[in-house]
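Have a look at the structure below, then the notes.
Order of the sequence lines fixes the chain letters, A, B, ..., with proteins taken first and strands second; residue numbering starts at 1 for each chain.
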Amino acid sequence: MPLLPFKKEIAARLSALTGMTAEEAETTLEIPPDSALGEYAFPCFHLARRLKKPPQAIAAELAGQFAGLTSAYLERVEQAGPYLNFFVRPAYLFQELLPQILREGPSYGTLDEGAGRTVLVDYSAPNIAKPFSVGHLRSTVIGNALCRLYRACGYKVVGINHLGDWGTQFGKLIVAYRRFGEPALLADDPVHYLYRLYVRFHQEAEKAPELEDEARQWFRRLETGDREARELWQHFRDLSLENFQRLYRCLGISFDSYMGESDYNDQLEATIELARQRGLVKESEGALVADLEGHGLPSCLLRKKDGAALYITRDLAAAIYRHKTYAFHRMLYVVGAEQTLHFQQLFKLLELLGFDWAANCVHVPFGLIHFKDGRMSTRQGKVIFLEEVLERAVELAREIIEEKNPSLEEKDAVARAVGLGAVIFGDLINDRIKDVEFDWEKVLDFAGETAPYIQYSHARICSILRRAAAAKELPDPQPAALLPEAEEKTLIIALGRFSEEINRAVRDNRPSYVARYLLELARSFNRFYHNCPVLTAAEELRKGRLMLVAAVRIVLQNGLALLGIEAPQEM
RNA sequence: GCACCUGUAGCUCAGGGGAGAGAGCACCGGAUUCCUAAUCCGGGUGCCGCAGGUUCGAAUCCUGCCAGGUGCACCA
């Protein structure tokens, strides 16, 4: 816990001197805009108000009280106008922190604040019988990163893939398959063929609206357990799931549960009954409605007039089941921002049903992926398949390898890591709430603020370490000499902030913080690399720098792993 | 009509109420007898959408407006 103890120590001392609580002091501490101003800064404006003295005077006074005070962490304190700047002791950085990172290796950066707590993450949730489009990438990639981040904070994480395997679209699919379907084509390329049927259905239904009714009837038959409907559904489901799992394997993602919408069919009536007992339900035009108007939300339907339950009824049943099963401390729904209202209604209903844990349910929304000229639409066939995106990215990575490093071994594995990394990182780097315009050029860009940039930095370090090992020199987790250059200090400070970034990412459910941090770290490393030779440096310096780059490698690898991205040793 | 989200450099975006608003891309120029040039260095641009307000201090918080996106009862 690298720089955190330093921060806590400052907060404690400030608390003793000012009468603020330690927590208050800690949250007031900030990171100065320039590293020449120290590692943490304390602005005195708040105190100025309380003490009715100019902030400069308070800063000067406090600086006086800190004068001569040092500790294992603290080197010195300086006043700069209304600020108090704290400088960490370099000996701590190089002789304690650095060896610590090497010792902890893969577990460096992890925390234990979540120990004993369970977090559920509901993510990905593709619709069976529709191909996996780039639109589904977001939930999948963000959800996976959140799972890993929470685990790194000590939580027990349960990843749930709430498969979209129920609903009227299966009626449509059954109608289309019975009318136009050919088993041989289905067997050949199931998911794409089902997709073509789905698109075909909507084209035909334009001309013949009665198809929609027929679809509703077939869905009704499915709900009542009709054998033919059931068998077709099961068949479509199996084929799709197989296809999705191939994709997940490729992305290195696994789920703890694949319980989907269809798995709650037997709990829907009980859920509606519960709502009825609580007096939340009224009848309207033959349908059952949950009245939320008194709570500032539009009412929502729990059951259609034809007796079929709806999305929100299923989500209610699922939430109740999950709490019973996992007793979670928090449940995240990584679902698009267009469903914000749905989740407001869902959480409000859970609360009104008397579940106090409703407050621990969180919607983690993200923006839409769209084309320049409008949104993607599965029905109209206006989609880009994730498979195609991943294949092209890997292919391009492969071409670049061929051009830049033709003698590389394991070209395929590296191309996969780089191509997939670029796509995943491209999704995680920006604030998830923003909409994304799909652009092949951007997806296939491997320079600048990208995963390959970080991976390349990692590979360079591996190369240094390989050469050092060949010369029988290995980084040794012993106290090192102090490293003199500014680039070196910048680097090690960055290493020390790793767990703070993980913490922040978990606090806001925003993996982008870690992605940005890694970019910054890689940038610092590349500057170091250009200005500070490692292997040709003199004995002591070489030892220290070897440790430093070994530590950077650990953080880059651990950080990329948190985002679900591999770090190849060469590229 | 109502609600939510977004608006920062030519483009894509960072920016934790605080110290002169930052990156990447694109464009121009430079760096390799030396650890991988998928790298590094230099070059410049901003009514932080607009108008008010809160504050010692606002790109950041509040209100209104404008623009774009997304939702709002029998889809999921």
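Evaluation of the side-chain hydrogen bond (donor to acceptor under 3.5 Å, both in side chains) rule for A/His342 yields A/Asp315 as partners, not counting sequence neighbours. Annotation: side-chain hydrogen bond (donor to acceptor under 3.5 Å, both in side chains) contacts of A/His458 (sequence neighbours excluded): A/Arg553.
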When you check every protein heavy atom under 4.0 Å of nucleotides 66-76 of chain B, what one-letter string (B, S, -) results, 5' to 3'? ---SSSSBBSB
Mark up nucleotides 54-61 of chain B, 5' to 3', with B wherever a protein heavy atom is under 4.0 angstrom from a base atom, S wherever such an atom reaches only the sugar-phosphate, and - elsewhere. -SB-----
What one-letter contact string describes nucleotides 26-32 of chain B from 5' to 3', where B marks a base within less than 4.0 Å of any protein heavy atom, S marks contact via sugar-phosphate atoms alone, and - marks no contact? -------
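The salt bridge (charged side-chain N to carboxylate O under 4.0 Å, His left out) analysis of residues 41-52 of chain A, with sequence neighbours excluded, yields the pairs A/Glu24-A/Arg50. Residue pairs that meet the side chain to side chain donor-acceptor pair (under 3.5 Å) test with at least one member in residues 416-426 of chain A, sequence neighbours left out, do not exist here. Within the structure, side chain to side chain donor-acceptor pair (under 3.5 Å) pairs that include any residue of residues 131-142 of chain A comprise A/Ser124-A/Thr140, A/Arg138-A/Asp427 (at least two apart or interchain). For the salt bridge (charged side-chain N to carboxylate O under 4.0 Å, His left out) condition, the pairs that include at least one residue of residues 338-348 of chain A, sequence neighbours left out, are A/Lys348-A/Glu351.
A heavy-atom distance below 4.0 Å to RNA chain B is reached by these residues of residues 444-457 of chain A, ordered by number: A/Phe446, A/Gly448, A/Glu449, A/Pro452, A/Tyr453, A/Tyr456.
Both A/Ile433 and A/Asn430 sit near RNA chain B, but only A/Ile433 has its closest nucleotide nearer the 5' end. Positionally, the nearest nucleotide of RNA chain B for A/Ser512 lies more toward the 5' end than for the other of A/Ser512 and A/Arg460.
B/G69 and B/U8 have their P atoms separated by 15 Å, given to the nearest Å. Across B/A67 and B/C28, the matching C1' atoms stand 35 Å from one another, rounded to whole Å. Using C1' as the reference atom, B/U32 and B/G24 are 24 Å apart when rounded to the nearest Å. Comparing the C1' positions of B/A58 and B/A51 gives an interatomic distance of 15 Å, to the nearest angstrom. Here the separation of B/U54 from B/C47, taken at their P atoms, is 26 Å to the nearest Å.
OP1 or OP2 of B/U36 has at least one side-chain nitrogen or oxygen of A/Arg467 nearer than 4.0 Å. For A/Lys434, a side-chain nitrogen or oxygen approaches OP1 or OP2 of B/A14 to under 4.0 Å.
The nearest pair of heavy atoms linking A/Glu261 to A/Tyr311 is OE2-CE1, 4.2 Å.
B/A38 atom P lies 19 Å from atom CD of A/Gln569, rounded to whole Å.
A cation-pi arrangement is present between A/Arg460 and A/Tyr529 under the rule of less than 6.0 angstrom and at most 45 degrees off the ring axis. A/Tyr513 carries A/Arg504 over the face of its six-membered ring, with the cationic atom under 6.0 Å from the centre and within 45° of the normal.
Residue contacts for A/Pro32: at a heavy-atom cut-off of 4.0 Å it reaches a base atom on one of the strands shown. Here A/Asp508 lies out of heavy-atom contact (under 4.0 Å) with every strand.
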Both atom distances under 3.5 Å, Watson-Crick or G-U wobble: I'd like the secondary structure of RNA chain B as a dot-bracket string, with | for pairs made across strands. (((((((..((((....[...)))).(((((.......))))).....(((((..]....))))))))))))....
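Here A/Arg398 does not pair with A/Glu395 in a salt bridge; the nearest charged N to carboxylate O distance is not below 4.0 Å. With salt bridges taken as basic N to acidic carboxylate O contacts below 4.0 Å, one links A/Arg542 and A/Glu473.
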When the side chains of residues 437-448 of chain A are checked against the rest of the protein, which donor-acceptor pairs come out under 3.5 Å, sequence neighbours left out?
from, atom 1, to, atom 2, distance (Å)
A/Asp439, OD1, A/Glu441, N, 3.0
A/Asp445, OD1, A/Ala447, N, 3.2

